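Report on one structure; see the data block that follows.
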Amino acid sequence: MTTEALSPQRIGVFGGAFDPPHRGHVALARTAMAQLGLDRLVVIPTGHAWHKSRDLTPASHRLAMAELAFAEVPGVRVDARETRRPGASYTVDTLKELRVENPGAQLYLLIGEDQARALHTWHAWEQLPTLAIICVAARADATGAKGQFDALRAELPGLTVLHMPSMAVSATEIRQRVALGESIAPLVFEPVARYIDQHLLYRPN
Ligand code: ATP
């Protein structure tokens with residue numbers, strides 16, 4: 001029996017709006033690669049985010065910024081599939097596709113604490129733990145953590161906590177800072193900041 005047959009491929013799946021991708025996203029990806037011993041990690045910018053009330057920046061920009069943000073993380077690939085899919089982007093559909101494409105692989109779904117709390121509102125959320133191991137990263141601005149986190153553990157068998165220091169950075173804050181003409185240097189990597197500048201993203205109309 002080969003080593004490959006003994007240890008299935010470990011593939012991380014990290015979805016989000018990435019509008020824009022920031023240092024918190026990259027820290028989460030690096031933590032997951034190391035802690036979970038991932039063979040690779042697929043970063044999947046969402047197409048139509050059914051759970052966000054505002055319109056997202058066009059997918060072409062978010063994909064380009066994700067390429068720049070994750071370029072330095074070995075093993076990460078940006079995947080455009082959800083931006084090409086008509087209708088709402090559902091994680092359950094993406095995981096099912098990845099399972100078909102990678103038979104025998106173990107998938108790890110990476111999410112931040114805020115999304116983990118809202119997981120029960122996701123489409124077909126009960127299926128998620130049957131398709132992937134759910135891995136949650138603590139998030140600095142989260143409130144009322146304990147009770148709900150415990151409840152989540154009860155609902156999601158095998159829930160894994162990613163051990164990374166909480167980072168109080170959000171895409172919302174970055175968009176707000178750009179609109180106000182403030183520096184975003186501490187929150188995003190330089191190539192992303194340059195892209196935002198060159199393409200006049202997040203400026204007030
Ligand atoms: P927004 O402020 O526009 O809602 P965001 O900063 O939450 O955006 P998303 O692209 O929506 O970024 O997040 C993608 C995923 O990354 C989600 O699972 C989210 O919980 C997680 N995430 C985002 N920022 C952090 C952070 N600072 N620490 C841990 N997880 C994070």
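When a residue number appears, it is its place in the shown sequence, counting from 1. Order of appearance sets the numbers: ligands from 1, and atoms from 1 within every ligand. Just so it is clear, the values below take in all heavy atoms, side chains as well, and ignore hydrogens, waters and symmetry mates. Predicted, not measured: the structure shown is a model, and the values here were computed from it.
Taking only nitrogen or oxygen atoms, main chain and side chain alike, Gly24 does not reach within less than 3.5 Å of ligand 1. On a distance-only criterion, His22 and ligand 1 share at least one N/O pair closer than 3.5 Å. Below 3.5 Å of separation, one finds no N or O of Met164 facing any N or O of ligand 1. Polar contact check, Gly16 against ligand 1: no nitrogen or oxygen pair lies under 3.5 Å apart. Checking only distances, Gly15 never comes within under 3.5 Å of ligand 1, N or O to N or O.
The contact set between ligand 1 and Gln115, taken as ligand atoms under 4.0 Å from a residue heavy atom, comprises 17 (C), 18 (O), 20 (O). Listed by number with element, the atoms of ligand 1 under 4.0 angstrom from any heavy atom of Leu28 are 30 (N). Taking a cut-off of under 4.0 Å to the non-hydrogen atoms of Val169, the atoms of ligand 1 that pass are 24 (N), 27 (N). Within ligand 1, the atoms closer than 4.0 Å to a non-hydrogen atom of Phe18 are 10 (O), numbered from 1 in the order shown. With ligand atoms numbered from 1 in the order given, ligand 1 contributes 3 (O) to contacts under 4.0 Å with heavy atoms of Arg175. Residue contact check: Ile111 has heavy atoms under 4.0 Å from atoms 18 (O) of ligand 1. In summary, the atoms of ligand 1 found under 4.0 Å from a heavy atom of Ala171, numbered by their order in the structure, are 1 (P), 2 (O), 3 (O), 5 (P), 6 (O), 8 (O). Listed by atom number, the atoms of ligand 1 under 4.0 Å from Thr172 heavy atoms are 1 (P), 2 (O), 3 (O), 4 (O).
Between the side chain of Arg81 and the main chain of Ile44, no donor-acceptor pair closer than 3.5 Å is present. A distance-only check finds a donor-acceptor pair linking the side chain of Asn102 to the backbone of Leu98 [under 3.5 Å]. Although no hydrogens or angles enter the test, the distance criterion places a donor-acceptor pair under 3.5 Å between the side chain of Gln35 and the main chain of Val161. The main-chain N or O of Pro186 is found under 3.5 Å from a side-chain atom of Arg23 such that the two form a donor-acceptor pair.
At a cut-off of 3.5 Å, with distance as the only test, a side-chain donor of Arg85 or Thr94 sits close to an acceptor on the other residue.
In terms of the salt bridge (charged side-chain N to carboxylate O under 4.0 Å, His left out) criterion, Asp39 has no residue partners (sequence neighbours excluded).
Rounding to the nearest 0.5 Å places CG of Leu109 at 13.0 Å from CD1 of Ile11.
Inter-residue side-chain proximity for Glu72 and Arg30 is flagged as met; some heavy-atom pair is nearer than 4.5 Å. Between Tyr108 and Phe14, the closest side-chain pair of non-hydrogen atoms is not below 4.5 Å.
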Using ring-ring contact (aromatic ring centres under 6.0 Å, His included), reason through Tyr195 and His61 one step at a time and then give a plain yes or no. CA-CA 9 Å; Tyr195 187 98; His61 286 313; 5.6 Å; yes
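For the ligand labelled ligand 1, residue Ala138 lies inside the 4.0 Å heavy-atom shell. In this structure, Asp19 falls outside the shell of residues with a heavy atom less than 4.0 angstrom from ligand 1. Look at Arg23 and you'll find every heavy atom at least 4.0 Å from all atoms of ligand 1.
Contact annotation for Glu173 and ligand 1: no heavy atom of the residue comes within less than 4.0 Å of the ligand.
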Please tabulate, for the side chains in residues 124-136, all donor-acceptor contacts under 3.5 angstrom to protein atoms that are two or more places apart in sequence or on a different chain.
residue: Trp125; atom: NE1; partner: His120; partner atom: O; Å: 3.4
residue: Gln127; atom: OE1; partner: Lys96; partner atom: NZ; Å: 2.9
residue: Thr130; atom: OG1; partner: Gln127; partner atom: O; Å: 2.5

